[in-house]
Amino acid sequence: MPSLYESMNAALRAHWQQHNNQYPTFILAPEQHGPLMDEIALVREVFGPGAAQFPRDKFHGAPIELRPGAAPTLRAVDGVETLLVL
């Protein structure tokens, strides 16, 4: 079972392949956003720049929209929303 971070990475790569490297939007509930930012901070500490440099409103450049009660979703550039696999 992938984590939210891993699922978002896979969905972003797939979207780029299907949509000529255009960015989607991720939709998350506020209660999912905090743990995601914690996981990103951990990854950044181990592999790259400090977590303070990571924008909290984007995931690898893709905007994050917070929507109360939402399941983790990717909204493609064509507007189609797809639930992330967790």
Side-chain angles (χ1 to χ4, degrees):
M1 174 186 274
S3 70
L4 179 57
Y5 180 87
E6 294 166 331
S7 183
M8 290 173 73
N9 264 333
L12 184 58
R13 283 192 306 272
H15 185 274
W16 281 338
Q17 290 174 345
Q18 295 170 359
H19 297 281
N20 197 29
N21 295 326
Q22 295 182 62
Y23 284 90
T25 299
F26 287 103
I27 301 167
L28 302 175
E31 56 271 11
Q32 297 158 337
H33 186 257
L36 174 66
M37 292 297 115
D38 292 343
E39 189 168 358
I40 289 170
L42 178 62
V43 169
R44 293 282 177 159
E45 278 183 32
V46 173
F47 294 108
Q53 298 172 353
F54 192 84
R56 297 185 60 82
D57 62 343
K58 295 191 186 289
F59 181 80
H60 298 306
I64 297 173
E65 175 184 319
L66 298 181
R67 186 186 297 169
T73 303
L74 177 141
R75 182 173 51 233
V77 295
D78 60 6
V80 173
E81 293 187 2
T82 306
L83 292 176
L84 297 176
V85 177
L86 297 178

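Note that this is a predicted model, so its numbers are computed, not measured. These values consider heavy atoms only, across backbone and side chains, with no hydrogens, waters or symmetry-generated copies.
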* Point-to-point distance, once rounded to the nearest 0.5 Å, from OG1 of Thr73 to CE of Met8 -> 10.5 Å
Honestly curious: do [X] and [Y] fall in one hydrophobic cluster under the side-chain, below-4.5 Å linking rule?
{"X": "Val77", "Y": "Leu84", "value": "no"}
{"X": "Leu4", "Y": "Val85", "value": "no"}
{"X": "Leu83", "Y": "Tyr5", "value": "no"}

Under 3.5 Å, side-chain donor or acceptor atoms of residues 54-64 against the rest of the protein: list the pairs with distances, not counting sequence neighbours.
| unit_1 | atom_1 | unit_2 | atom_2 | d |
| --- | --- | --- | --- | --- |
| His60 | NE2 | Asn9 | OD1 | 3.2 |

* Structure fact -> Tightest non-hydrogen contact, residues Pro72 and Gln32, listed as CD-NE2, 3.1 Å
Kindly list each side-chain donor-acceptor pair under 3.5 angstrom involving residues 17-30, sequence neighbours excluded, with atom names and distances?
| unit_1 | atom_1 | unit_2 | atom_2 | d |
| --- | --- | --- | --- | --- |
| Gln22 | NE2 | His19 | O | 3.4 |

* **Of all pairs that satisfy salt bridge (Lys or Arg N to Asp or Glu O under 4.0 Å), the ones with a partner from residues 62-81, not counting sequence neighbours** => Glu65-Arg67, Glu65-Arg75, Arg67-Glu81, Arg75-Glu81
* Sorted by first residue and then second, give each salt bridge (Lys or Arg N to Asp or Glu O under 4.0 Å) pair with at least one member in residues 4-31; sequence neighbours left out. => none
